Amino acid sequence: MENTYNPAGIESKWQQSWTEQNLYKTDTTSSKPKFYALSMFPYPSGNLHMGHVRNYVITDVVARHKRMQGHRVLHPMGWDAFGLPAENAAIERGIHPATWTYQNIAHMRSQLQKLGLSIDWDREIATCSPEYYRWTQWIFLKFYEGGLAYQKDGMVNWDPIDQTVLANEQVDGDGRSWRSGAIVEKKALKQWYFKITEYAEQLLTDLDQLSGWPEKVRTMQANWIGKSIGANLEFPIVGASEKITVFTTRPDTVYGVSYVVLAPEHPLTVQVTTSDQKAAVDAFIAEVKRQSEIDRTAEDQPKRGVPTGAMAINPFTGAEVPIWIADYVLYEYGTGAVMGVPAHDVRDFKFATQYQLPITQVIAATAQDPSNLAPLTAAYTEAGTIVNSSQFDGLDSVTAKKSIIEYAEQHGYGNGKIQYRLRDWLISRQRYWGAPIPMIHCPKCGTVPVPEADLPVRLPEDVEFTGKGGNPLAQLESWVNVPCPSCGAPAKRETDTMDTFVDSSWYFLRYPDAGNDEQIFDPKITNDWMPVDQYVGGIEHAVLHLLYARFFTKIVRDFGAGDGGKTKLLNFDEPFKYLLTQGMVQSTTYKNPQTGKYIEPATVLDRAHPTDPVTGSALEVTFDKMSKSKYNGIAPEEVIGKYGVDTARMFILFKAPPEKDLEWDDADVEGQFRFLNRLWRLVMAAKPATTSSSGELSKSEKDLRRFIHHAIQAITEDLDGDYQFNTAVSELMKLSNAITDADCKDSPIYAEGIETLLILAAPFAPHMTEELWQLTGHTGSIHEQSWRQFDPAALVADEITLVIQVMGKTRGTIQVPATKDSATLEAHARESAITKKFTEGKEIKKVIVVPGKLVNFIIG
RNA sequence: GGGGGUGUGGUGGAAUGGUAGACGCAACAGACUUAAAAUCUGUCGUCCGUAAUGGAUGUGCGAGUUCGAGUCUCGCCACCCCCA
């Protein structure tokens with residue numbers, strides 16, 4: 001008999017036993033309701049970190065709870081295994097990316113297995129295996145067939161460190177690469193794109209279906225898609241046949257246009273520039289090229305521009321206005337040209353003030369004579385009444401917007417237009433370790449898709465990684481040169497590989513039927529399990545992965561299943577029903593504010609007054625995301641080695657609500673370990689009941705039973721609703737405390753308490769509860785037990801605590817027999833000494849009774 | 001500038017409009033021990049009184065709604081995130 005809690009022995013024993021029993025193999029035969037629990041799969045960097053642990057433990061608790069509640073649960077794991085670090089390892093250490101990746105996978109898998117996760121490992125996938133990327137390529141071909149994959153020349157984001165292009169979503173707010181952190185450059189290149197813009201409207205409107213997603217993530221996606229409703233208006237150029245098309249969301253301000261601006265890159269720029277402005281325009285274009293997009297459009301930056309010397313005509317007024325070029329207009333957005341309305345746009349106002357361009361107000365806060373308007377000191381961007389606008393004067397600006405678009409359409413000045421901020425997704429990468437794009441370039445036939453039967457296009461293995469001279473695939477003649485599948489003439493393979501975000505955009509569709517080598521998946525099986533009932537991952541994917549995955553789901557839904565489109569592959573619109581974005585794991589970070597250097601915690605002697613061990617100056621203490629460069633990482637192995645994984649799981653779940661950042665604190669981990677030890681002793685000290693359960697329960701038994709059933713109710717609600725694991729763990733503690741203090745240790749109710757406590761704790765601390773389950777004489781795994789139901793009758797107390805308030809102020813409490821009858825409660829309250837003390841000599845004007853809770857006396 | 005979020009003890013955090021601070025951590029006091037650890041018991045927002053089962057005050061600030069506001073409404077302030 002074990003007398004002390006020894007996590008190490010228990011944990012490895014049960015992990016092995018569960019594997020042997022196939023306890024977590026997915027139930028594919030029963031008719032139970034399904035539940036698909038999914039964590040965002042990891043990149044196999046080589047080491048598990050605390051962020052992973054938090055992510056997978058959350059999903060595991062959900063999966064375990066659902067299983068006990070009688071669901072068949074799909075809880076798989078896999079590897080987002082293509083990507084640059086593998087290739088960098090090859091360059092730096094001469095190890096092949098595949099070898100490096102599979103070694104990391106093996107190591108991380110063994111680390112994951114120590115977390116006691118209820119994962120079905122039979123469904124493990126790795127995106128870098130040909131069995132998987134064959135289907136990534138298959139999807140690409142379907143995209144191509146459907147006109148959703150195409151090549152185009154354009155100005156693209158170039159990461160100078162990773163030596164590859166990036167999609168817009170992969171460049172952060174500071175203009176840096178999401179991966180390397182390098183400042184992204186602009187380059188003109190021919191690249192492959194997916195036409196995500198075709199689905200912009202669906203991606204936007206279907207956000208409404210996602211009531212199980214955090215509001216924040218939905219807002220971020222809506223902002224990213226960036227729908228704006230406005231118009232394209234055409235401004236003829238004086239002395240030329242071309243017109244400048246501007247996109248505007250404010251057609252109601254068209255009578256206030258005082259200039260038109262072209263993006264410096266706009267093809268018309270060169271054409272319209274007059275000879276005496278040519279030098280200035282050329283110089284300006286060269287300068288703008290050196291600026292990042294962020295610098296160009298940030299509102300606090302000065303707006304700069306030069307006139308082209310040409311004039312355009314405002315079709316509404318017939319007035320001639322100058323054509324400028326300016327840095328704040330981007331060729332990639334809208335039509336690459338805007339109309340300048342300084343009176344009603346903040347940036348235009350600044351620009352016009354700077355270059356002394358006229359400012360004409362055409363919207364006023366209230367209807368008034370335009371001659372009375374005071375000169376504007378800032379742009380007026382609100383809605384209002386139209387002035388100075390010919391026949392539209394007097395309209396409110398919202399109505400005017402519609403009227404002006406109608407007028408433009410009738411007179412051929414332009415048309416209403418919906419514009420999205422979302423750009424097409426650039427998916428080609430000039431790197432080796434990714435899924436090859438299955439296309440062949442033939443001098444005669446052009447770009448030809450690889451026939452489906454020839455998939456996968458395997459990555460060649462005999463490749464040299466020098467880190468110089470671009471994509472190593474392009475240099476491998478034996479691989480590049482192939483006969484054209486269409487005409488047989490010598491042709492060349494596409495050497496770009498796909499963005500790794502392509503691989504991860506559909507993996508969740510593969511798990512339900514992971515071993516299928518005939519089809520991407522059997523639609524019957526995938527449609528049965530999908531959508532994912534609970535998806536858990538980091539907020540950093542709010543736009544990136546989650547937007548791409550939604551896009552893929554819609555496209556795959558719209559593919560036929562190979563029978564000419566009769567059968568749809570998917571029968572749902574959205575892949576992830578509920579989304580939980582877990583917070584970061586942070587830990588204490590020491591920084592010397594003078595030198596800006598991070599200090600290793602091990603070298604900080606006095607944690608209360610930390611000082612730099614070298615300079616002796618006081619250190620700045622913060623909580624930051626764990627990272628190597630900040631020396632603040634906590635290795636999961638260390639914690640597990642010291643306390644066991646059950647303690648780590650409980651701590652992570654208890655310390656903070658799942659969506660908030662979690663501050664790692666060793667003392668709190670200790671506290672959690674102490675709780676598990678208390679729990680162990682409590683269960684081990686329990687003896688079989690010696691009294692019988694027949695007859696009336698004693699007060700102590702009733703109280704304990706109420707506590708037990710309250711805990712069942714509270715924990716079930718915490719796990720079924722908004723995932724409040726922290727309060728669920730605290731309920732476990734309360735129940736444990738209540739049992740410890742209970743005065744009926746030989747009663748069957750006490751035994752019920754111990755058993756319920758173990759069942760309720762099982763999803764959280766699976767190893768310890770399993771061990772105790774066996775030690776207390778049960779057979780079968782605790783994880784196959786049914787989740788407990790609470791008995792509403794047990795929650796009813798004989799006596800309740802009634803709060804006495806006078807004038808809304810709490811004055812005390814009394815114990816009264818439980819009743820819902822207001823008159824009885826009021827009578828009890830009136831009799832109490834508390835009430836008498838505070839109402840003495842005053843008239844009670846009104847009494848408010850909240851049955852079961854309180855009585856409030858209003859006195860005069 | 002627009003949108004979203006957050007603000008509660010020394011600290012992490014709890015509170016269907018109904019006793020604010022559950023449950024932990026830290027701290028302090030005590031028991032046990034030769035001693036320490038572990039364990040157990042107690043105290044723990046602030047101020048006043050300290051005989052209390054006492055009083056006042058208290059959830060960023062200011063108003064409002066309500067019998068009653070951490071919670072709802074309005075206006076500020078600070079910080080964070082996203083978009084410009």
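If you're wondering where the values come from, they're calculated on a predicted model, not measured in any experiment. Every chain is numbered from 1 and lettered A, B, ... according to where its sequence line falls, protein lines coming before strand lines.
Going from atom CG of A/Leu547 over to atom P of B/C83 covers 12 Å, rounded to whole Å. Between the CG atom of A/Leu546 and the P atom of B/C82 there is a distance of 15 Å, given to the nearest Å. As a whole-Å value, the separation of A/Gln221 CD from B/C83 P is 12 Å. Summarising the geometry, the separation between CZ on A/Phe707 and C1' on B/C23 is reported as 11 Å, rounded to the nearest angstrom. Rounded to an integer number of Å, the gap from CG of A/Asp661 to P of B/C81 is 11 Å. Atom-to-atom, CD of A/Gln586 to P of B/G12 comes out at 12 Å; the value is rounded to the nearest Å.
For the C1' atoms, the distance from B/A69 to B/A20 is 11 Å, rounded to whole Å. Here the separation of B/G30 from B/C48, taken at their C1' atoms, is 28 Å to the nearest Å. Distance noted for atom C1' between B/G4 and B/U16: 25 Å (whole Å).
When both distances must be under 3.5 Å, the Watson-Crick or G-U wobble mate of B/C32 does not exist.
Minimum atom distance to the side chain of A/Lys216 is reached by B/C81, of the listed B/G18, B/G13, B/C81. Considering only side-chain atoms of A/Phe654, the nucleotide from B/G2, B/U19, B/G24 that sits closest is B/G24.
Looking at A/Lys837, its side chain has no donor and acceptor atom pair within 3.5 Å of the base of B/U53.
Within the 3.5 Å criterion, the main-chain N or O of A/Met584 finds a donor-acceptor partner in the side chain of A/Asp661.
Here A/Ile858 lies in heavy-atom contact (under 4.0 Å) with sugar-phosphate atoms only. Contact annotation for A/Gln805: base contact, defined as any heavy-atom pair under 4.0 Å involving a base atom.
In this model, the phosphate group of B/C23 is not approached by any side-chain N or O of A/Arg674 to a distance below 4.0 Å at OP1 or OP2. Of the side-chain N and O atoms in A/Lys655, none sit less than 4.0 angstrom from OP1 or OP2 of B/G13. Taking side-chain N and O atoms only, A/Asn856 has no distance below 4.0 Å to OP1 or OP2 of B/U66.
Nucleotide B/G9 is shown with a syn base, its glycosidic torsion being within 90° of 0.
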